[in-house]
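Accompanying notes for the structure given below.
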Amino acid sequence: MNDLFSVKDKVVVITGGTGVLGTCISEYLALQGAKVVVMGRRKEEGDKIVADITAKGGEAMFLTTDVMNIEVVEENCREILAKYGKVDALLNAAGGNMPGATIAPTGNFFDLKVGDFQKVLDLNLTGTVIPTQVFLKPMVEAGKGAIVNFSSMAAFRPLTRVLGYAAAKAGITNFTEFMANEVATKFTPGIRVNAIAPGFFLTNQNRALLTNPDGSLTERGADVIRQTPFKRFGKPEELCGTIQYLISDASSFVTGTVAVVDGGFNVFAM
């Protein structure tokens, strides 16, 4: 049997694990044999995700967290190490946006609320840096591990409206590249740092922006589909194979990359 893509018995920590994408990835990895730690702010939702995974034969646990509070994340790490003794992979999927950090089509740059802009930067970028700092430590001690950050199409090109979110995601791409070098040269090449850049997937965060209540496309949604050669939104499960690759031995010589999963959105041209 070729175990190149195996994640069996790997302890995988997923921040933002109660979101649409995080939930799907958590379940997939658990059913592939990983021991999944779902981390998020919504305990009721997290417990339900874990119960669903357990009912299907997978192994998972939920921890309430705040990715912008290093003391909370450190306590999460201690709980995970007490139970499993290691952390093999970290998926930094926590993130989000706020209306005040966006610029509506009828508004302009002077409408930006700087306080909300800062909060979006903190949630997405600092909320990736802090878990990385905490969970990298047991990886360094073990001499191996994999970190996957969540970038975005907004990191590649200046999408309209999402000023704060785009700035944060561009920062995550840069942080990923920085950390790939930092970790390999100062600790060990046994730890890899990569990112995934999803295209447009319908989530609780963007559903109302891209689709109407009857399921038809909004103007924004139509713009996205027109820009996407596959002519559809992504399905959450379509991220799972790339995630599995990036945390498995199949990508043992891959670090500092951003894996694009977007149906061709980023390469579309007139």
> Phe233 versus Val224: any side-chain heavy-atom pair under 4.5 Å?
Replying inline: yes
> Within a radius of less than 6.0 Å around NZ of Lys231, do more than 12 heavy atoms belonging to other residues, nucleotides or ligands occur?
Replying inline: yes
> With distance as the sole test, does Gln244 use its side chain to make a donor-acceptor pair with the main-chain N or O of Val7 at under 3.5 Å?
Replying inline: no
> Side chain of Asp111, backbone of Asn108: donor and acceptor closer than 3.5 Å?
Replying inline: yes
>> Is it true that Thr65 and Asn76 share a donor-acceptor pair across their side chains at a distance under 3.5 Å?
In response: yes
> Any idea which heavy atoms bring Leu31 and Gly58 closest together, and the distance?
Replying inline: CD2-N, 3.9 Å
>> Nearest 0.5 Å, please: how far is CG in Leu125 from NZ in Lys169?
In response: 9.5 Å
> How many angstroms lie between OG in Ser26 and CE in Met39, if you round to the nearest 0.5 Å?
Replying inline: 11.5 Å
> Ile243 and Val12: same hydrophobic cluster, using ILVMFWY side-chain contacts below 4.5 Å?
Replying inline: yes
> Out of curiosity, does Val50 fall in the hydrophobic cluster containing Leu63 (side-chain heavy atoms, cut-off under 4.5 Å, transitive links)?
Replying inline: no
> Given the rule in the side-chain contact (heavy atoms from CB on, under 4.5 Å) test, do Thr218 and Asn212 qualify, once you have shown the distances and angles that lead to the verdict?
Replying inline: CA-CA 6 Å; Thr218 62; Asn212 296 307; 3.4 Å; yes
>> Are Ile80 and Ile147 linked, directly or through intermediate hydrophobic residues, by side-chain heavy-atom contacts shorter than 4.5 Å (ILVMFWY only)?
In response: yes
>> What's the separation between atom CG in Leu4 and atom OG in Ser251, rounded to the nearest 0.5 Å?
In response: 8.5 Å
>> Within the structure provided, determine whether Phe150 and Ile196 are in side-chain contact (heavy-atom separation under 4.5 Å).
In response: yes
> Can you name the closest pair of heavy atoms from Pro138 and Val134 and give their distance?
Replying inline: CD-O, 3.4 Å
> How about Gln133: does its CD atom have over 12 heavy atoms from other parts shown lying under 6.0 Å from it?
Replying inline: no
> Closest heavy-atom contact between Leu21 and Phe201?
Replying inline: CD2-CB, 4.1 Å
>> Tell me whether Lys10 at atom NZ has more than 12 heavy atoms from other residues, nucleotides or ligands lying less than 6.0 Å away.
In response: yes
> So, the side chain of Asn194 versus the backbone of Thr257: is there a donor-acceptor pair under 3.5 Å, distance only?
Replying inline: yes
> How far apart are the C-alpha atoms of Lys48 and Asp52, what are their side-chain angles, what is the distance that settles it, and do they pass the salt bridge (charged side-chain N to carboxylate O under 4.0 Å, His left out) test?
Replying inline: CA-CA 6 Å; Lys48 180 180 182 302; Asp52 289 344; 3.2 Å; yes
> How far does CG of Leu246 sit from OG1 of Thr255, to the nearest 0.5 angstrom?
Replying inline: 10.0 Å
> Does a side-chain heavy-atom distance below 4.5 Å link Leu90 with Pro131?
Replying inline: yes
> Is the closest side-chain heavy-atom distance between Met179 and Leu136 below 4.5 Å?
Replying inline: yes
> With sequence neighbours left out, what residues match Arg220 under salt bridge (charged side-chain N to carboxylate O under 4.0 Å, His left out)?
Replying inline: none
> Less than 4.5 Å apart, any side-chain heavy atom of Val148 and any of Arg192?
Replying inline: no
> Looking at CZ of Arg157 and CZ of Phe265, how far apart are the two atoms once the value is rounded to the nearest 0.5 Å?
Replying inline: 5.5 Å
> Between Asp249 and Asp3, is a side-chain contact (heavy atoms from CB on, under 4.5 Å) present by the stated rule, with each step listed?
Replying inline: CA-CA 8 Å; Asp249 291 342; Asp3 293 331; over 6 Å; no
> In this structure, are over 12 heavy atoms from other groups packed under 6.0 Å from Phe268 atom CZ?
Replying inline: yes
> Measuring from Leu202:CG to Arg207:CZ, what's the distance to the nearest 0.5 Å?
Replying inline: 5.0 Å
> Under a 4.0 Å N-O cut-off, is there an ion pair linking Arg41 with Asp66?
Replying inline: no
>> If you compare all heavy atoms of Gly263 against all heavy atoms of Pro229, which two are closest, and at what distance to 0.1 Å?
In response: O-CD, 3.3 Å
> Checking side-chain contact (heavy atoms from CB on, under 4.5 Å) for the pair Val73/Met68: CA distance, chi angles, key distance, verdict?
Replying inline: CA-CA 8 Å; Val73 180; Met68 293 179 288; over 6 Å; no
> Considering all heavy atoms of both residues, which atom of Val87 and which atom of Met139 are nearest to each other, and what is their separation?
Replying inline: O-CG, 3.6 Å
> If you take all heavy atoms of Phe156 and Ala197, which pair is closest and at what distance?
Replying inline: CE1-CB, 3.6 Å
>> For the backbone of Ser216 and the side chain of Asp214, can you confirm whether one donor and one acceptor N or O come within less than 3.5 Å of each other?
In response: yes
>> Taking Leu159 as the starting point, is it possible to reach Tyr165 by hopping between hydrophobic residues whose side chains are less than 4.5 Å apart?
In response: yes
> Does NZ in Lys144 sit with more than 12 non-hydrogen atoms of other residues, nucleotides or ligands closer than 6.0 Å?
Replying inline: no
>> Is it the case that the side chain of Asp88 and the backbone of Val11 share a donor-acceptor pair, with hydrogens and angles ignored and the cut-off at 3.5 Å?
In response: yes
> Applying the 4.5 Å side-chain criterion to the ILVMFWY set and letting contacts propagate, would Phe175 and Val67 be lumped into a single cluster?
Replying inline: no
> Pick from Thr15, Leu123, Ile172: which one makes a side-chain contact (heavy atoms from CB on, under 4.5 Å) with Thr128?
Replying inline: Ile172
> Regarding Asn181 and Glu177, is there a side-chain donor-to-acceptor distance under 3.5 Å anywhere?
Replying inline: no
